[in-house]
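All remarks here apply to the structure that follows.
Just so you know, ligand 1 is whichever comes first in the structure, and atom 1 is the first atom listed for that ligand.
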Amino acid sequence: MKRFPDDFVFGVAASAYQIEGAWDEDGKGESIWDRFVGQPGRILGGETGKVACDHYHRYKEDVGLMAAAGIPAYSLTTAWTRVLPNGTGPIEPRGIAFYDRLVDELLEHEITPYVTLYHWDLPQALQDRGGWANRETVDAFVRYAEIMSAVLGDRVKHWKTHNEPWVAAFVGHRDGVFAPGHTDFAEALAVAHHILLSHGRAVPVIRSNVPDGEVGIVLDCRPSTPASDAPADVAAQRHFDGFRNRWFFDPIFGKGYPEDMVDAYRDRGRFDTEVPPFVRPGDLDEIAAPIDFIGVNYYTALDVAAGADETEDTGVPPGQNPPDGYTEMGWPIVPEALTGFLKRLHDDYGAADIRVTENGASYSDGPGPDGRIQDHRRIDYLHKHLNAVAEAIEFGVPVTGYFVWSILDNFEWALGYSQRFGLVWVNHETGERIPKDSLAWYSSVIAERRIG
Ligand code: FCB
């Protein structure tokens, strides 16, 4: 049995494009995801987030489901294009009004809102001017952060600038699998830098608007181990870790970009200078702006062998046979790697407040003959990962919160609606919601503040 400290925050998470729908309602502008889903072949089954979970209209019902389960915190993301349809320029009051209503509804139900400003849905108008590869997008983001924190800051005290810059940069600009669908490594590097810079510049702005609040960033982590002790495997794993983790955690924690990776990127990044050309004097200091917490999203880990393709993000699967199996995303289940990574953040980076801002599993279990959804495998996954968090806390790592991805089955990006991560099942035809057994289980974990 493991107990969680009294001030440990349990929550659930979701993101705007994945649940809101109402893609062009109330003056909302077009985002790069609105554009991307319309391009043939981009999304499995040609699906889109145009309606998604229709949370824009059903948010009261969704807040009600969270409240009934006694969930204390909800991490939502705001859609830039609802508030600034063109990314810059005039504010759309109806967009602001939606987030006002949502935040008020949460607070009325005693659910603490956590707000993330960017979960990959850049205004298309900014993409048309080069998107994140254009340094001017940094200023546009800072203005958006300034507006949101000014408007919601009286009620929202927990702010996150970005969600998973690695994904936005590399899956969006190197792999071409996510919006905007580019395949240019050098561009991906510039994008990553500008996203990090926009984070660093937004931090003091949010802080000055919400002096009694806190602000951080969410990075995805992908722990890995060398497939063997062979020097080539060890070197390959180090490179993978540099690509996937250190390139982001190092600058956020004031270490600058890792030199081994700068060297490794010179060719593909098309630069021959000591530092990449998009890094201007002072940038790294701004990126390292002190934060109140670091958020990490964790799903899986992998073994890395020499010769593995770096694009193989989720699994160089050399006969890998994880004892805990795989989720339906095909991701190996490796809870102990979460403990290890949390320790590393504390030991190597000195992180003083760490939140697991996303963790969860895709399983397609739906209603049985009695209508009940017995998603034991999700319960098992969450149990093991909460246990991994509790172990990190026992090691003295300051982990202060855990958020399940996700409250609802939703639009899983390029995979459309084929993956179900929710604690609540959603009928994507009718919008009907049915709480799964995992929601009841999580509810009792929260009430008892312990896992068996
Ligand atoms: C994370 C994303 C989230 C969801 C989960 C499964 O990388 O932040 O939107 O897609 O993966």
Side-chain angles (χ1 to χ4, degrees), residues 11-21 31-33 36-37 42-44 47-49 52-53 55 74-80 114-122 160-175 177-179 192 195 199 216-223 244-245 248 294-302 313-315 326-334 337-338 341 355-364 375 377-378 381-382 385 402-424 426 428 438:
V12 292
S15 92
Y17 188 72
Q18 293 177 277
I19 62 167
E20 283 181 2
S31 81
I32 56 173
W33 273 92
F36 190 68
V37 298
R42 294 296 198 185
I43 312 296
L44 192 67
E47 288 167 330
T48 77
C53 303
H55 174 75
Y74 172 47
S75 178
L76 63 108
T77 82
T78 50
W80 190 339
Y114 284 62
V115 169
T116 304
L117 292 166
Y118 189 75
H119 199 122
W120 313 344
D121 46 355
L122 187 74
K160 293 172 275 183
T161 52
H162 283 274
N163 175 72
E164 301 190 349
W166 181 87
V167 173
F170 289 99
V171 186
H173 300 81
R174 177 201 61 161
D175 304 338
V177 171
F178 285 3
I195 290 178
H199 152 79
I217 186 171
V218 173
L219 301 181
D220 47 315
C221 65
R222 195 69 101 221
R244 203 62 177 72
N245 300 316
F248 294 86
I294 181 82
V296 281
N297 293 351
Y298 175 75
Y299 290 92
T300 188
L302 70 155
D313 149 42
T314 51
Y326 295 84
T327 67
E328 288 182 16
M329 285 292 273
W331 291 345
I333 301 171
V334 197
L338 174 57
F341 202 87
R355 322 263 162 92
V356 177
T357 34
E358 278 184 28
N359 176 243
S362 166
Y363 290 113
S364 51
D375 56 336
R377 294 175 297 173
R378 177 171 295 99
Y381 180 99
L382 297 175
H385 287 79
Y402 174 90
F403 290 72
V404 172
W405 182 270
S406 179
I407 180 63
L408 301 173
D409 290 340
N410 59 47
F411 179 77
E412 180 49 35
W413 308 111
L415 298 175
Y417 296 97
S418 66
Q419 303 292 321
R420 292 181 175 271
F421 277 89
L423 297 174
V424 174
V426 177
H428 293 303
S438 55

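Partner of Y298 under the side-chain contact (heavy atoms from CB on, under 4.5 Å) criterion, chosen from L338, T357, D220: L338. The ring pair (Phe, Tyr, Trp, His ring centres under 6.0 Å) with H119 is formed by just one residue from the set Y17, W413, W33, W80; it is W413.
Residue contacts with ligand 1, taken as heavy atom pairs separated by less than 4.0 Å, involve E164 solely via side-chain atoms from C-beta onward. Under 4.0 angstrom from ligand 1, the non-hydrogen atoms of N163 all belong to its side chain.
The salt bridge (charged side-chain N to carboxylate O under 4.0 Å, His left out) test applied to R355 returns E214, D353, not counting sequence neighbours. Shown here are the side chain to side chain contact (heavy atoms under 4.5 Å, CB included) partners of A168, two or more places apart in sequence or in another chain: W120, I195.
For ligand 1, the atoms closer than 4.0 angstrom to any heavy atom of Q18 are 3 (C), 4 (C), 9 (O), 10 (O). Close approach to F421 involves these atoms of ligand 1, each under 4.0 Å from a residue heavy atom: 6 (C). For ligand 1 and E412, the ligand atoms under 4.0 Å from any heavy atom of the residue are 4 (C), 6 (C), 10 (O).
Not one N or O of W120 is nearer than 3.5 Å to an N or O of ligand 1, by distance alone. Of the N or O atoms in W413, one or more lie within a sub-3.5 Å distance of an N or O in ligand 1. In terms of N/O distances under 3.5 Å, ligand 1 is approached by H119. Of the N or O atoms in S15, none lie within a sub-3.5 Å distance of an N or O in ligand 1.
Classification of the Y381-H385 ring pair by plane angle, with boundaries at 30° and 60°, yields parallel.
At a threshold of 4.0 Å, the pair R420-D375 does not count as salt-bridged, since none of the basic side-chain nitrogens sits closer than that to a carboxylate oxygen.
Protein heavy atom in closest approach to atom 8 (O) of ligand 1: E358 OE2, 2.9 Å. Scanning all protein heavy atoms for the shortest distance to atom 5 (C) of ligand 1 gives Y299 OH, 3.3 Å.
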message: Let's go through N359 and N297 carefully: what are the C-alpha distance in whole Å and the side-chain angles of both, what is the deciding distance for side-chain hydrogen bond (donor to acceptor under 3.5 Å, both in side chains) to 0.1 Å, and is it a yes or a no?
response: CA-CA 6 Å; N359 176 243; N297 293 351; over 6 Å; no

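At a 4.0 Å cut-off, not a single heavy atom of M329 sits close enough to ligand 1 to count as contact.
Taking the ring centroids of F421 and Y363, they lie at or beyond the 6.0 Å cut-off.
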